Trainee: 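Below: one structure in structure tokens.
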Number of protein chains: 2
Amino acid sequence: MSHIPPEERRARIAEEVRRQGAATIDALAGRFGVTEQTIRRDVNALCDAGLLRRRHGGVELPVQRENLPYESRQVLHQAEKQAIARAVAGLVPDGASVALSIGTTPELIARALVEHRDLKIYTNNLNVALALCANPGFEVTLPGGRVRNRYRDLVGAAQTRFFAGYNVDFGIFGVGGIDDDGELLDFAEEEVEARQAILANCRRALLVADHTKFGRNAVVRGGHLAEVDVLVTDRAPPPAMAARLDAAGVTVHLAPREALS
Amino acid sequence: MSHIPPEERRARIAEEVRRQGAATIDALAGRFGVTEQTIRRDVNALCDAGLLRRRHGGVELPVQRENLPYESRQVLHQAEKQAIARAVAGLVPDGASVALSIGTTPELIARALVEHRDLKIYTNNLNVALALCANPGFEVTLPGGRVRNRYRDLVGAAQTRFFAGYNVDFGIFGVGGIDDDGELLDFAEEEVEARQAILANCRRALLVADHTKFGRNAVVRGGHLAEVDVLVTDRAPPPAMAARLDAAGVTVHLAPREALS
DNA sequence: GTTCGTTTTGTTCATTCGAACATTTCCAGG
DNA sequence: CCTGGAAATGTTCGAATGAACAAAACGAAC
């Protein structure tokens with residue numbers, strides 16, 4: 001068992017509970033070789049994040065609820081993504097019109113934007129729409145289409161038409177990976193389409209990507225770093241990429257990581 | 001303070017917590033003049049229903065989460081609505097195509113349908129879409145449009161076109177009220193439109209309405225009881241209405257109320 | 001390697017928790 | 001007016017909880 005870093009232990013606890021449906025504090029403490037109090041801290045953090053639910057003596061899955069589709073979601077690097085989200089929220093002024101695309105980072109950005117005023121939101125990400133319609137002053141618009149159950153987003157040809165119908169102040173999108181040449185990569189054709197559509201119909205294009213995306217490969221090519229206006233990330237990009245960014249006049253925002261609990 | 005029936009006390013606890021943001025068990029016990037243990041029982045039931053979240057020593061709002069828009073939602077009659085939802089779920093076979101409309105009852109129906117297999121869902125209710133895309137075997141399709149933040153649904157002219165594009169096995173919709181003549185009533189023009197569109201494009205039209213809808217007035221008229229195929233409710237309708245239903249050949253399903261906790 | 005500040009983990013203890021059982025209240029049916 | 005069963009509430013008590021503080025591990029700068 002040895003020393004597992006705390007973040008990973010939490011991810012593993014979440015995984016364990018999802019697989020088993022529930023677990024006691026005692027059992028988890030034994031399983032990971034730490035004190036019950038430590039497990040309690042982990043478990044409470046996970047509950048605060050909405051991933052698990054507390055039971056006296058243990059934790060369980062937030063039954064039925066809409067968390068099942070998150071099964072595949074990474075809890076890892078959540079702190080970095082949250083830092084990026086905060087930074088992006090700082091760049092968007094009240095009253096702006098914003099297009100937000102699919103992905104976990106845009107979702108966190110949405111949550112960070114919810115305290116703004118009078119935003120106009122265009123998104124094909126249901127999680128984003130949900131988070132933002134909590135603010136009564138926001139105007140949230142969705143394209144129609146088939147829902148990708150796993151990700152709770154909408155993809156397909158209609159998306160391109162949808163985003164082409166508006167010219168927004170900010171286009172915000174994530175990416176599957178950025179290779180060393182600065183090519184933007186995704187895992188599916190349809191993901192690329194929506195991204196391209198947003199990129200083409202906004203006054204400022206913000207790309208959000210945590211450091212794990214640098215040099216990471218994915219199958220579908222779509223667009224290039226040079227086309228975006230701002231890159232928001234959590235660590236300085238590798239030198240080669242930094243040079244390209246500089247040459248293309250892309251502003252790079254480094255988001256300082258903060259404590260989350 | 002006197003004797004408050006338990007169901008109402010729970011509704012009031014929920015209301016209290018929503019207004020204050022949080023409350024201690026101790027305070028609630030004093031506020032309602034009952035033991036802490038009783039409050040614990042109430043509070044745990046509300047948490048199981050996903051309306052509140054537990055804190056050591058008290059309860060709080062499920063922060064940020066998508067529950068804020070429920071502010072205005074009735075917790076009252078939830079047991080009845082849930083009974084109706086179970087009954088409807090029993091009427092829908094695996095593999096069916098289903099159109100579900102806006103409202104809290106359709107939302108509960110969606111949750112009751114989530115264990116089915118291979119359903120095709122068409123809905124303008126985001127809560128319904130969310131609940132049902134948790135099942136990987138379902139095909140969920142949404143119309144596009146502006147989100148009504150308060151209700152998390154989509155309304156407007158595009159809805160009519162959307163539902164007209166499919167001919168589904170079951171059309172399921174709620175209603176604002178049913179007057180004594182059997183007229184179906186709603187509170188807004190746009191709510192009626194989607195309902196009419198579903199009614200016109202399904203092989204079997206299911207109307208769901210708890211007993212409080214009988215004889216209740218609302219402003220916008222749209223359709224008549226006689227046009228539906230099945231009415232699912234929790235209590236026998238008043239005699240005059242029953243006669244009309246019988247004359248129109250509408251099947252009436254009475255859903256037996258069960259304990260919820 | 002050493003130092004210093006931060007993060008993570010362990011320990012203690014007063015408080016809160018819920019299971020189980022006892023009691024009361026409510027409401028039909030006689 | 002009683003009576004019996006079910007639902008709601010109160011009571012007790014060992015286990016679980018989190019705040020607070022202490023110890024340890026880690027990381028960066030030197």
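Values below: all heavy atoms of this structure, side chains included; hydrogens, waters and symmetry mates excluded. Note on naming: letters A, B, ... go to the chains in the order of the sequence lines (proteins, then strands), and numbering restarts at 1 for each one. These numbers were taken from a predicted model, which means no experiment stands behind them.
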Trainee: Taking only residues two or more places apart in sequence or in another chain, which ones pass side chain to side chain contact (heavy atoms under 4.5 Å, CB included) with Arg235(B)?
Mentor: His211(B)
Trainee: Could you work out, with salt bridge (Lys or Arg N to Asp or Glu O under 4.0 Å) as the rule, every residue matching Asp210(A), not counting sequence neighbours?
Mentor: Lys213(A)
Trainee: Under the salt bridge (Lys or Arg N to Asp or Glu O under 4.0 Å) test, which residues partner Asp186(B), sequence neighbours left out?
Mentor: Arg195(B)
Trainee: Checking Ala29(A) now: which residues fulfil side chain to side chain contact (heavy atoms under 4.5 Å, CB included) with it, not counting sequence neighbours?
Mentor: Glu36(A), Ile39(A)
Trainee: Which residues satisfy the side chain to side chain contact (heavy atoms under 4.5 Å, CB included) test with Asp94(A), sequence neighbours excluded?
Mentor: His116(A), Arg117(A)
Trainee: Return the value, rounded to whole Å, for the distance between atom CD of Glu60(A) and atom C1' of dA16(D).
Mentor: 16 Å
Trainee: Just checking Thr35(A): base, sugar-phosphate only, or nothing, at a heavy-atom cut-off of under 4.0 Å?
Mentor: base
Trainee: How does protein contact run along nucleotides 15-21 of chain C, one letter per nucleotide 5' to 3', with B for base contact, S for sugar-phosphate only, - for none, heavy atoms under 4.0 Å?
Mentor: -SBBB--
Trainee: Just list the side-chain donor-acceptor pairs under 3.5 Å for residues 172-179 of chain A, sequence neighbours left out, or say none.
Mentor:
from	atom 1	to	atom 2	distance (Å)
Asp179(A)	OD1	Asp181(A)	N	2.9
Asp179(A)	OD1	Gly182(A)	N	3.2
Asp179(A)	OD1	Glu183(A)	N	3.0

Trainee: When you look at CZ of Arg40(A), are more than 12 heavy atoms from neighbouring residues, nucleotides or ligands closer to it than 6.0 Å?
Mentor: yes
Trainee: Can you tell me how far C1' of dA8(D) sits from CD1 of Ile13(B), to the nearest Å?
Mentor: 14 Å
Trainee: Checking Ala248(B) now: which residues fulfil side chain to side chain contact (heavy atoms under 4.5 Å, CB included) with it, not counting sequence neighbours?
Mentor: Ala226(B), Val250(B)
Trainee: Could you tell me the separation between the CG atom of Asp42(A) and the P atom of dG18(D), rounded to a whole number of Å?
Mentor: 12 Å
Trainee: Just how far, in rounded Å, is P of dT8(C) from CD of Glu8(A)?
Mentor: 14 Å
Trainee: Per the end-axis method with five pairs at each terminus, what is the bend angle of the helix from dG1(C)-dC30(D) to dG30(C)-dC1(D), to 10°?
Mentor: 30°
